[in-house]
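First comes the structure, then the notes that go with it.
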Amino acid sequence: MGVSNIVFVLLLLVLINLSNNNIKRIDAFHQFYEELQSESVKSVNHLHRPGFHFQPPKNWINDPNGPVYYKGLYHLFYQYNTKGAVWGNIIWAHSVSKDLVNWEALEPAIHPSKWFDIGGTWSGSITIVPGKGPIILYTGVNKNQTQMQNYAIPEDPSDPYLRKWIKPDDNPIAMPDYTMNGSAFRDPTTAWFSKDGHWRTVVGSRIKHRGIAYIYRSRDFKHWVKAKHPIHSKQSTGMWECPDFFPVSITDFENGLDLDYTGANTKHVLKVSLDITRYEYYTLGKYDLKKDRYIPDGNTPDGWDGLRFDYGNFYASKTFFDYKKNRRVLWGWANESDTVQDDIMKGWAGIQLIPRTVLLDSNKKQLVFWPVEEIESLRGNYIRMNNHNIKMGQRIEVKGITPAQADVEVTFYVGSLEKAEIFDPSFTLKPFELCKIKGSNVTGGVGPFGLITLATPDLEEYTPVFFRVFKNASNHKPKVLMCSDARPSSLKQDQGPLAKDRMYKPSFAGFVDVDMADGRISLRSLIDHSVVESFGALGKTVITSRVYPVKAVQENAHLYVFNNGTQSVTIESLNAWNMQRPLQMN
Ligand code: DQQ
């Protein structure tokens, strides 16, 4: 190495060190840029701004809080920076909707003001307590950065808008004791009432590297006592943020269940947001009320290899039971994948993804997710295609809609799996690694085939969402890989050597547990400028990508169906719509 190279490397190290000094980590979660958190937004850039996803007019947002359906209105609370486009100055912002599509912003519900939350009003939930009305449980942070659980009540529970919230002085309701980690104790779940006369809530935590979900009990919703054992914990998984715990029916695959449902025909779901990976994982299992223990089913992996609500950019999610339609609805947050500098320039960061219904799959081994039906009211211009054969290397343009803001549903007929590549069981690659090697341009037997979204005609920029069907060597059963690959999505250059200066362009992927007995597989993508939210096989595998094309934007974005497998596939049916903007979005 020459002297000039050595000087360059030394300079780089000094630079990296200097910039790292500006990044603070609070218990290893959201990146905290102290000097940027209050840098006010000068103007809002609309180029990549979603048209039909939930978002306030400017600034940073993260976790959905609440949510709840109450007196004819859906309430969404969310973590919001009042001052800037990076994480910081967090309050509970509040919006309401009659239809989960159009939203009206109300005044914030909670902001730091008392000793028990002056350092932060962080995530939590809402429970409707008979005789009392809705009660918020949230995490407050004191001036020493200790996290504790608090409650807040509406000034007027008869007001469907729940405009004003009070934080009673007998807070907090739960403080970390000496056995616990006071800077990792947060995000209380919606509470449920059990036949033993107790309310229960679960709070996320960790001790060293063990992820923990504590369970607290109360008779009056004011005095809470921690159960002797956590409801569940798992070594080497780190902090469990935003736990969610709810029952699903094992006999009714069409309706959701409320938290206090006590029938025997249920399984429970425990979801945790793993701070280390910034992904969410869930298990299905049995909840033993007497022992206050949750035991995951033996065959579901518990931890980093576990099942996921979404195999892409989706975090800090929360479900609620919607009494109006007897369904369980999931909200999740998608962070930006852009550089921090560009988040600041565009004046906004973070969106809430389209709410999804959650049901147990009829195979009882996983959940299935589907965008709430209300979103279909935004469908405009419509085009369809039927029985269209696509040979290897062919790409067919979907014309007649606005590809940058669209809803596309396509069912592929694949027929025989004779040409499918053999899936080697000793393959230890994770799905995203496999997708990285076997990208949309790498010829296969059956697949890759799927959609090419947000593309330029010459494919200088594109985000492919596709399947690649392998087969098992012994029984020839399909092993289906689904990818949403952001690598070719943007021509934008990195702005520096640090992660915050580079766009995040991962090859997100997951397997889809389908037998394809009828030779078919479906894909639906909600495309919204910088969002590609895709549902494989009617919601068995969901992947969300955030992308920032330079050329494939607005009316210059194109949409294609493609096949790069040696076996031709048929577009049995394709339905695509323009998506309109909601009439009111905050
Ligand atoms: N975000 C909140 C925390 C939570 C984290 C703070 C998850 O309560 O653990 O904004 O994204």
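Since the model is a prediction, treat every value here as computed from it, not as a measurement.
Not one N or O on the side chain of Tyr382 forms a donor-acceptor pair closer than 3.5 Å with the backbone of Arg379. With Gln79 contributing its side chain and Ile61 its backbone, the two residues share no donor-acceptor pair below 3.5 Å. Side chain of Ser440 to backbone of Pro448: no donor-acceptor contact under 3.5 angstrom is found. Glu461 contributes a side-chain N or O that, together with a main-chain N or O of Ala552, makes up a donor-acceptor pair within less than 3.5 Å. Judged by distance alone, with hydrogens and angles left aside, the side-chain atoms of Lys318 form no donor-acceptor pair with the main-chain N or O of Asp63 at under 3.5 Å. With hydrogens and angles disregarded, no donor-acceptor distance shorter than 3.5 Å links the side chain of Thr139 to the backbone of Arg186. Although no hydrogens or angles enter the test, the distance criterion places a donor-acceptor pair under 3.5 Å between the side chain of Gln149 and the main chain of Phe185. At least one donor-acceptor pair closer than 3.5 Å links the side chain of Asn102 to the backbone N or O of Leu583. Counting only distance, with no hydrogens or angles, the side chain of Asp275 and the backbone of Arg278 share no donor-acceptor pair below 3.5 Å. In terms of modelled atom types and a separation under 3.5 Å, the side chain of Ser125 and the main chain of Pro188 share a donor-acceptor contact.
Here the CH2-CD1 distance, from Trp165 to Ile110, works out to 7.5 Å after rounding to the nearest 0.5 Å. Of the inter-residue distances, the one linking Ser530 atom OG with His53 atom NE2 reads 9.0 Å to the nearest 0.5 angstrom. One finds the CE atom of Met503 at 8.5 Å from the CG atom of Asp494 (value rounded to the nearest 0.5 Å).
Proximity of Lys83 to Ser40: side-chain heavy atoms (C-beta onward) are nowhere separated by under 4.5 Å. Side-chain contact between Val329 and Arg356 is absent, with no heavy atoms from C-beta onward closer than 4.5 Å. Annotation: side chain of Ser545 is not in contact with side chain of Tyr504 (no heavy-atom distance under 4.5 Å). Residues Asp343 and Val86 are not in side-chain contact: their nearest non-hydrogen atoms beyond the backbone lie 4.5 Å or more apart. Considering only heavy atoms from C-beta on, Asp501 stays 4.5 Å or farther from Gln341 through its side chain. When side chains are defined from C-beta on, Ile527 counts as touching Leu454, because their heavy atoms get closer than 4.5 Å. Contact annotation: the side chain of Leu491 approaches that of Glu460 to within less than 4.5 Å [non-hydrogen atoms, C-beta and beyond]. No side-chain heavy atom of Thr453 sits less than 4.5 Å from a side-chain heavy atom of Tyr462.
Using a 3.5 Å distance cut-off with no hydrogens or angles, the side chains of Asn578 and Thr402 do pair a donor with an acceptor. No side-chain donor-acceptor contact under 3.5 Å links Glu39 and Tyr33. The closest side-chain donor-acceptor pair between Gln495 and Thr339 falls under 3.5 angstrom. The closest side-chain donor-acceptor pair between Ser273 and Glu280 falls under 3.5 angstrom. Between the side chains of Ser123 and Asn65, at least one donor-acceptor pair of N or O atoms lies under 3.5 Å. No hydrogens or angles considered: nothing links the side chains of Asn335 and Tyr315 as a donor-acceptor pair under 3.5 Å. Side-chain contact, Asn313 with Thr544: no donor N or O sits under 3.5 Å from an acceptor N or O. If you check the side chains of Asn81 and Asn89, you find a donor sitting under 3.5 Å from an acceptor. Between the side chains of Lys505 and Ser337, no donor-acceptor pair of N or O atoms lies under 3.5 Å. Residues Ser484 and Ser534 bring no donor and acceptor atom of their side chains to less than 3.5 Å of each other. Defined by atom type and a distance below 3.5 Å, a donor-acceptor pair is present between the side-chain atoms of Thr319 and Arg328. Residues Glu336 and His48 bring no donor and acceptor atom of their side chains to less than 3.5 Å of each other. Glu107 and His94 form no side-chain donor-acceptor contact under 3.5 Å, judged by distance and modelled atom types alone. Checking Gln405 against His529 by side-chain atom types alone, a donor-acceptor pair falls below 3.5 Å. A side-chain donor from one of Ser183 and Asn181 sits under 3.5 Å from a side-chain acceptor of the other.
With sequence neighbours left out, Asp244 forms a salt bridge (charged side-chain N to carboxylate O under 4.0 Å, His left out) with no residue at all. For Leu73, the side chain to side chain contact (heavy atoms under 4.5 Å, CB included) criterion is met by His75, Val96, Lys98, Pro160, Tyr161, not counting sequence neighbours. Asn142 is linked by a side chain to side chain contact (heavy atoms under 4.5 Å, CB included) to Asn144, Thr146, Met148, counting only residues two or more places apart in sequence or in another chain.
Ion pair Asp338/Arg546 not flagged as a salt bridge, since none of the NZ, NE, NH1 or NH2 atoms sits closer than 4.0 Å to an Asp/Glu carboxylate oxygen. A salt bridge does not link Lys436 to Asp485: none of the charged side-chain nitrogens sits closer than 4.0 Å to a carboxylate oxygen.
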Decide yes or no on side chain to side chain contact (heavy atoms under 4.5 Å, CB included) for Phe52 and Leu526, but give the supporting numbers first. CA-CA 10 Å; Phe52 60 95; Leu526 297 169; 4.3 Å; yes
Please assess Leu481 against Phe467 for the test side chain to side chain contact (heavy atoms under 4.5 Å, CB included), listing each intermediate value before the final yes or no. CA-CA 6 Å; Leu481 179 71; Phe467 299 115; over 6 Å; no
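Aromatic rings of Phe314 and Tyr279 (six-membered ring for Trp) have centroids beyond the 6.0 Å cut-off, not under it. A ring-centre distance under 6.0 Å is found for Trp122 and Trp87. Residues Trp304 and Tyr281 keep their aromatic ring centres 6.0 Å or farther apart. Taking the six-membered ring where the residue is Trp, the centroids of Tyr74 and Tyr69 are separated by under 6.0 Å. Between Trp60 and Tyr80, the ring centre distance reaches or exceeds 6.0 Å.
Between Phe309 and Tyr282, the angle of the ring planes lies from 30° to 60°, which puts this pair in the tilted group. Taking the six-membered ring where the residue is Trp, Phe535 and Trp370 present perpendicular rings, their angle passing 60° and hence far from 30°.
Residue Lys143 places its NZ atom among 12 or fewer non-hydrogen atoms of other residues, nucleotides or ligands, all under 6.0 Å distant. For Lys114, the NZ atom sits in a packed shell: over 12 heavy atoms of surrounding residues, nucleotides or ligands are nearer than 6.0 Å. No more than 12 heavy atoms of other residues, nucleotides or ligands lie within 6.0 Å of NZ in Lys551, so this atom counts as exposed by the packing criterion.
Of the listed residues (Asn171, Asp117, Asp187), just one forms a side chain to side chain donor-acceptor pair (under 3.5 Å) with Tyr138, and that residue is Asp117.
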